[in-house]
J.: 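Here it is: the structure, laid out below.
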Amino acid sequence: MQKGFQYLMDLKELYQEIILDHGKNPRNKKICEDFNKEAKGHNPLCGDKVHIYLRVNKDKKVEDISFEGEGCAISIASASIMTEVLKGKEFNLSKKILDDFLKMLKDGTKFQVNSLKENEKISMMSLSGVKKFPMRVKCATLAWHTFIHAVEEKKINANTEKV
Amino acid sequence: MQKGFQYLMDLKELYQEIILDHGKNPRNKKICEDFNKEAKGHNPLCGDKVHIYLRVNKDKKVEDISFEGEGCAISIASASIMTEVLKGKEFNLSKKILDDFLKMLKDGTKFQVNSLKENEKISMMSLSGVKKFPMRVKCATLAWHTFIHAVEEKKINANTEKV
Amino acid sequence: MNIKSVKSQFPIFKKKINGNSLVYLDSANSSQKPKAVINRLSHFYENEFSNVGRSVHSLAVTATNRFEESRDIIKNFLNAKHREEIIFTKGATESINLVASSYGDKFMKEGDEIILTELEHHSNYVPWHYLRDKKKAVIKFARLNENLEIKTDEIKKLITNKTKMIALTHISNVTGGISPLEEIIDLANSKKIPVLIDGTQGAPHLKLDMQKIGCDFYVISCHKMYGPNGLGILYGKKKWLDLLPPYQGGGGMIDEVKKETITFAETPTKFEAGTMQTAEVVAMGEAVKFIESIGFKTILDHENQVLNYALEKLKKNNSIKLIGNPEKKASVLSFTIKGIHPHDIATILDEDGVAIRAGHHCCQILHEKIGVSATARASLGIYNDKDDIDVLDSSIKKCRKVFNI
Amino acid sequence: MNIKSVKSQFPIFKKKINGNSLVYLDSANSSQKPKAVINRLSHFYENEFSNVGRSVHSLAVTATNRFEESRDIIKNFLNAKHREEIIFTKGATESINLVASSYGDKFMKEGDEIILTELEHHSNYVPWHYLRDKKKAVIKFARLNENLEIKTDEIKKLITNKTKMIALTHISNVTGGISPLEEIIDLANSKKIPVLIDGTQGAPHLKLDMQKIGCDFYVISCHKMYGPNGLGILYGKKKWLDLLPPYQGGGGMIDEVKKETITFAETPTKFEAGTMQTAEVVAMGEAVKFIESIGFKTILDHENQVLNYALEKLKKNNSIKLIGNPEKKASVLSFTIKGIHPHDIATILDEDGVAIRAGHHCCQILHEKIGVSATARASLGIYNDKDDIDVLDSSIKKCRKVFNI
Ligand SMILES: Cc1ncc(COP(=O)(O)O)c(C=O)c1O
Ligand SMILES: Cc1ncc(COP(=O)(O)O)c(C=O)c1O
């Protein structure tokens, strides 16, 4: 039962209050006004879908960001958290934050980006519980990969099968 | 070694003098004159090939029969023996003889056709050694199946894969 | 049926999942394997292994005999008329690709129509989609009724004199609904339209009789019926298999090869290109023996009991919505819980050792129809019992706790 | 290399054939399996079995991880650049069919030319023949020299600006000749013509490095390299795999499915339709580990020693004619004996437990060229030693006795 107990703890960590909150009441879940970049993402195995909208200014700053989509608590919470964290940030910084996020999910490394605010870190870290649930990592990363597709204006949809 | 010895005996039975003789000096290995029926047969697994030629008269009697082909001792001997046995016989009788031959190879049953001469029986029975060598049964039956194809004027080649 | 003794034949149930006994409710995805099948594989590799049909040495003779014996076992199991009607493939998916490609190449032209249903698995749609692309053919989807059942009338409506194929599933892998094959095949026969049955979910749960069913093609995946991975069966009426061109090309399926021309062997050989899955074919013979050792009637009775028990129990749980309500149903139970995504359900259930599947189950058309992108699915095998359902039920209740709803 | 200890890892050698020890000289047909591979299969079925990539429960996660780990193992084994360049198929035959179909559909048109050689196995001809039929393409066969070797010049001669594919074998399954890949691929690259290498016989006997070889496609059958039945590998350069349309359609390889349109996943997923051979893929990882545990250099040295010993010995036997005399040669030895058909040879050798193959070895074009319809073939695996060759030699001598010549 030792292992069963550990797993229960893992589950509680996976579905932290903050995730459940973002999952139930996602922020920026809409089509943002005057968006000028967008991309769709899809996780073919479970059917999770996300559509990211960005309004980017000449200085490559994300003035506004929003999403639409459907999926599990993890993927919706992750998209919601992402929009909160990346809004107002520059492209290059965004990419670094994304790297940090992916690395955290992969091997738990600490964030490299210094400018992240404490609450941003906390909300990103709330997703670190997926580390113990390998099949759920794709749920947590879908929105982020799709963001990159939007930024780079890739023609093909983001597809977690690939990444 | 008991089993090894038995097998050696089986081998001697398979390659009886009479088989080796027909294999080395096949009878009726040519294109017979004025043939009016023919068929090709093929064993795709080993590459054995046979081409049967028949001259049949109005009374459905096999006036002449011959073959060309290449293959192992068993298949050549079998074709050679077949031509000797079936020459001069009527279609219907030939089919009965063929049935007898196939049954002998399958379960060793005695011949039903009474009119077979002793030397015909002996040469046909010389092929019964293949019973113990299942993969070689197709070699022994190729010519016979092809004969039926010739008689029935089937469009497709006889193919031991099928039978 | 003594479920304990059946279950004990499946080694995997000795395993603990997160400290709990395994409650395997994902058999529609792939079934677990009995010891006899696993042992047959090992035994074959350890004692009898050789390539089949291509050598004359003793090992090859044995292997070839075992291989062809399996074909006979399966022929009898399906009550096919001829052994040449049994073709070994990689799986149901390849079987359907084979038919769509070979039949399509030979018999379809621009504007010809294929009738599918909204219930089909992607494997019974994508290959026809290729054909649509290639031949400029038309695909029509028969609509399901409110219970998500296939109704013969809906198919009848779509038939025209251009209809060249009707392809539908025997049992839905989402609703568990059993299709009215008899009616549909009678209808199709009367119009001389060939019918392909996707039997991937049918074969593990229903007694099959090809001569009685009367379909032209029936496809099976062995891994869903207690058999090995990587093996499928295509049953086809001999009259069709004789007519169809070969599918893949390679060793073993030819008659004669020259630089300018190639002639092909006859069925089943012409459809079995390259080295076959000898060990798997032999092991599949053992899977059929395993099924027959219990008996289909016993299996059906048992699975139906467990299914009905599950339906009763889950219907009492107000937070659950069942997907589809077919009158005739077997072994599959899909559902959603308001406010909790199926993926999250699956993760939480897994904590208790309950293995279910979440997603669209390769049926996106159906999911689009019902307006959800994913559902949770519990599906039964011969080894499940009412205790499994009790664990499922209490585990489902836990989901709401984790989600605080 | 301690041959005794290697051989002892293969359970089949405990078996007696007609009272004798098994002398297995049919590895070019299919190799025997080491205990580790057989055990990995059983272990997977008994402890880890689940369908991959389609469920989120623990078993499925484990199975998916094992499956994808195997892809990595194979990627490293072949030194491919990307893991997406490794596609699992049913066998070499399917791999070639896949390329011929997908590449052909997209890149070939009427009058385009494919260059093959007279040495090719039917599996590397029939799929191109289909393409010839379908696209009205042209197949040209590069001629072999008197030693039955492929020469780059003969290929060069055939190249025109319509040449769209060069497909040839790495090692011949009849002569054992090793093709001059480097030269040929350099030539093809300089003309921007893609090259497919049939590595079915190459992979078990040579250290492979895809980035060094530089071919566009390389195909492998796992059952010939100590791995399980029913599994093949297609290596393809990513730039091609990204461009090629999918092959079979079904579950798992799609992106989104609607009634009118379907979009597909990316490589390798788009080429892996339907339920994959999970257990076999996992076991293949073990086969690679087995090979690597001995080391390719050791294997090569050992096999070459045995091969040279065999060549020496058989050349002394005047009644034997060896087929082909390639300068660079590996592991295969085909021959004829005047007056005795290869089938009869195989039957007589089998008496002594010697398993060889007799026939055209799926190379009818080659056999037509040399003017015999069948040859006898002894082929080596890692488990053969000089003792095996001694038994072979004395057994061959016996043939003449049985035939009284
Ligand atoms: C050179 C060569 N190519 C292709 C093949 C086909 O391999 P498989 O039958 O495993 O698909 C073989 C083996 O039969 C071979 O020896
Ligand atoms: C109804 C149905 N059809 C077809 C398939 C495809 O079977 P496979 O993936 O084994 O080829 C499946 C299983 O995934 C199925 O449930």
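Below, read A as the first sequence line, B as the second, and so on, with proteins coming before strands; counting in each chain starts at 1.
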J.: Relative to chain D, which segment of C:Pro246 carries a heavy atom at a distance below 4.5 Å: side chain, backbone, both, or neither?
T.: both
J.: Please look at D:Pro245 and chain C and tell me whether the side chain, the backbone, both or neither of the residue comes under 4.5 angstrom of a heavy atom of that chain.
T.: neither
J.: Give the ring-plane orientation class for D:Phe264 versus C:His129, where under 30° counts as parallel, over 60° as perpendicular and anything between as tilted.
T.: tilted
J.: Sort out for me which of C:Lys259, C:Lys15, C:Lys33 touches chain D most, counting heavy-atom pairs under 4.5 Å.
T.: C:Lys259
J.: Could you look at D:Phe49 and say if it's the side chain, the backbone, both or neither that has a heavy atom under 4.5 Å from chain C?
T.: both
J.: Does any N or O in the side chain of D:Glu94 come within less than 3.5 Å of the main-chain N or O of D:Gly232, such that one atom is a donor and the other an acceptor?
T.: no
J.: Do C:His361 and C:His367 pass the ring-ring contact (aromatic ring centres under 6.0 Å, His included) test, and can you show the C-alpha distance, the side-chain angles, and the key distance before you say yes or no?
T.: CA-CA 9 Å; C:His361 319 300; C:His367 280 79; 5.8 Å; yes
J.: Chain C heavy atoms under 4.5 Å from D:Leu41: which part of the residue, side chain, backbone, both or neither?
T.: side chain
J.: For the ring pair C:His122 and C:His360, is the centre-to-centre distance below 6.0 Å?
T.: yes
J.: Do the ring centers of D:Phe141 and D:Tyr125 come within less than 6.0 Å of each other?
T.: yes
J.: Between D:Tyr24 and chain C, which part of the residue has a heavy atom less than 4.5 Å away: side chain, backbone, both or neither?
T.: side chain
J.: Out of C:Glu368, C:Arg132, C:Glu48, return the one with the most heavy atom pairs under 4.5 angstrom to chain D.
T.: C:Arg132
